[in-house]
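Step one of this worksheet: look at the structure below.
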Amino acid sequence: MDREDRILPGVGLMIAFCAIAPLIDVASKLAAQEVPVGVVTLGRFVVQGILMLPIVLFMGLPMAILPRAFWLTISRAAVAILSTYFFVAAVRVMPIADALAIAFVEPFIILLIGKIVLSEQVGPRRLGASVVGFTGSLLVIQPSFAEFGPVAFYPLGTALSFALYMLITRHLSRLMHPVTMQLHTAFFASVLCLPLLAVGHALGEPSLSFVLPQGVFWIWVFCVGLAATISHMAMTYALMFAPSSTLAPLHYLEIVGASLYGYLVFSDFPDAMTWTGIAVIVASGLYIIHREHQVVRAARVVTPLEAPR
């Protein structure tokens with residue numbers, strides 16, 4: 001397919017991701033009512049690994065990890081655990097849409113890490129949009145904190161962890177096929193979860209106690225991993241078909257799906273202040289995407305690519 005023909009399936013797959021990804025949160029919220037958060041987190045990666053293994057074998061992808069990719073994979077698995085744990089702990093008591101809206105400050109965190117840590121060129125407009133986006137998250141956190149307490153800050157832990165996850169993924173994608181990356185991340189995350197649960201169980205920490213699911217809760221834990229596998233595969237292939245600049249704005253449709261599922265399953269619906277915060281976060285994020293697109297396009301004009309011979 002040529003470039004134009006490839007963009008349409010890329011957009012379709014990204015929309016599929018936005019429709020399926022909130023089901024991870026729905027299943028997590030259902031499972032976490034009886035299953036410790038740490039066990040739900042472990043279950044997500046175990047199921048993902050089991051589902052990804054036959055896919056990797058069917059595609060004939062190499063299973064070996066390059067030495068320079070090993071620690072990046074371990075780091076990716078570690079921050080994936082943190083991201084999942086914080087979010088499951090949040091949606092256990094918070095409405096899904098509220099938690100997701102706060103977690104959507106992740107693009108702003110990536111921008112600030114790029115500016116402060118990686119010394120990337122970030123202009124005042126994008127920095128200003130990041131400040132506005134964080135302000136929007138406070139509009140969501142404020143009523144959530146009043147109702148749920150400190151747990152309202154957990155999605156910020158997800159946002160920071162996922163920002164690191166994305167930065168590590170950028171580097172690791174040059175060394176490993178994205179499908180194999182999902183398998184190895186699931187495997188190492190499962191391995192890393194086990195000692196954490198052992199320590200938590202020994203210390204009597206309820207969220208990290210190793211308690212096996214019972215009855216229907218086995219299904220909910222399995223659905224967490226199933227939805228995670230399908231949605232992330234959809235995003236992986238969407239990025240193979242269409243450029244990230246085209247797909248990034250569509251990611252905010254995930255909030256729509258989260259609000260719909262939260263209402264249908266749990267009768268949760270964001271209040272006026274939360275919707276205002278969501279609108280500010282989305283508008284700020286879309287502006288940053290727009291500015292980054294302009295910066296890239298301007299750089300191409302200033303330093304044009306060498307014409308093909």
Side-chain angles (χ1 to χ4, degrees), residues 14-15 17-19 21-26 28-29 32 82-116 122 124-166 231 247-292:
M14 188 64 188
I15 293 174
F17 167 83
C18 293
L23 293 175
I24 305 172
D25 312 325
V26 171
S28 296
K29 189 176 181 73
L82 291 175
S83 176
T84 303
Y85 177 89
F86 280 126
F87 203 76
V88 174
V91 299
R92 180 177 176 272
V93 295
M94 290 177 63
I96 294 172
D98 293 35
L100 186 62
I102 298 169
F104 259 104
V105 302
E106 169 257 329
F108 312 137
I109 294 176
I110 290 180
L111 198 70
L112 293 176
I113 291 176
K115 171 70 174 178
I116 299 170
V122 179
R125 295 181 183 180
R126 284 183 287 171
L127 287 175
S130 296
V131 173
V132 173
F134 276 114
T135 303
S137 72
L138 294 177
L139 293 176
V140 183
I141 290 173
Q142 183 178 350
S144 298
F145 182 81
E147 184 173 357
F148 305 112
V151 72
F153 291 101
Y154 283 13
L156 290 178
T158 294
L160 177 58
S161 302
F162 197 73
L164 296 173
Y165 177 90
M166 293 301 293
S231 61
L247 301 178
L250 296 174
H251 193 188
Y252 287 100
L253 291 174
E254 188 179 350
I255 293 181
V256 177
S259 301
L260 177 62
Y261 296 148
Y263 178 72
L264 292 176
V265 180
F266 304 106
S267 299
D268 291 332
F269 196 76
D271 58 21
M273 181 174 290
T274 299
W275 277 120
T276 301
I278 290 173
V280 171
I281 293 168
V282 171
S284 301
L286 292 176
Y287 179 77
I288 286 176
I289 293 169
H290 169 69
R291 285 296 305 166
E292 288 182 345

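- Residues satisfying the ring pair (Phe, Tyr, Trp, His ring centres under 6.0 Å) criterion with F266, sequence neighbours excluded, are absent altogether.
- Between V88 and A32, the shortest heavy-atom distance links the atoms CG1-CB, 4.1 Å.
- With sequence neighbours excluded, the residues forming a ring pair (Phe, Tyr, Trp, His ring centres under 6.0 Å) with Y252 are F104, listed by chain and number.
- When the side-chain hydrogen bond (donor to acceptor under 3.5 Å, both in side chains) test is applied to E106, no partner is found at least two apart in sequence or on another chain.
- Sequence neighbours left out, the pairs with a member in residues 257-271 that pass side chain to side chain donor-acceptor pair (under 3.5 Å) are D271-T274.
- Separation of atoms CD1 (I102) and CZ (F153) is listed at 8.5 Å; rounding is to 0.5 Å.
- In terms of the side-chain hydrogen bond (donor to acceptor under 3.5 Å, both in side chains) criterion, residue partners of T84 (sequence neighbours excluded) are, by chain and number, R44.
- Listed by chain and residue number, F86, S161 satisfy the side-chain contact (heavy atoms from CB on, under 4.5 Å) test with L82 (two or more places apart in sequence, or in another chain).
- Within the model, atoms CG of L264 and CZ of F269 stand 10.5 Å from one another, a figure rounded to the nearest 0.5 Å.
- The shortest heavy-atom contact between A258 and L100 is CB-CD2, 3.6 Å.
- Atom CD1 of residue I109 and atom CG of residue L156 lie 7.0 Å apart, to the nearest 0.5 angstrom.
- Counting heavy-atom neighbours within 6.0 Å of F17 CZ, excluding the residue itself, gives a total above 12.
- Put simply, CD1 on I24 and CD on E254 are 7.5 Å apart, with the number rounded to the nearest 0.5 Å.
- Between A103 and F87, the closest heavy-atom pair is CB-CE1, 4.1 Å.
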Would you mind writing out the side-chain donor-acceptor pairs for residues 278-286 within the sub-3.5 Å range, not counting sequence neighbours?
| from | atom 1 | to | atom 2 | distance (Å) |
| --- | --- | --- | --- | --- |
| S284 | OG | G133 | N | 3.4 |
| S284 | OG | V280 | O | 2.8 |

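- Under the side-chain contact (heavy atoms from CB on, under 4.5 Å) criterion, L164 pairs with V79, I113, not counting sequence neighbours.
- If you take CD1 on I255 and CG on D98, they are separated by 10.5 Å, rounding to the nearest 0.5 Å.
- Every side-chain hydrogen bond (donor to acceptor under 3.5 Å, both in side chains) that Y85 has, sequence neighbours left out, goes to S207.
- Counting only distance, with no hydrogens or angles, the side chain of K29 and the backbone of A90 share no donor-acceptor pair below 3.5 Å.
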**Request:** Test I96 against V265 for side-chain contact (heavy atoms from CB on, under 4.5 Å), laying out the working first.
**Result:** CA-CA 11 Å; I96 294 172; V265 180; over 6 Å; no

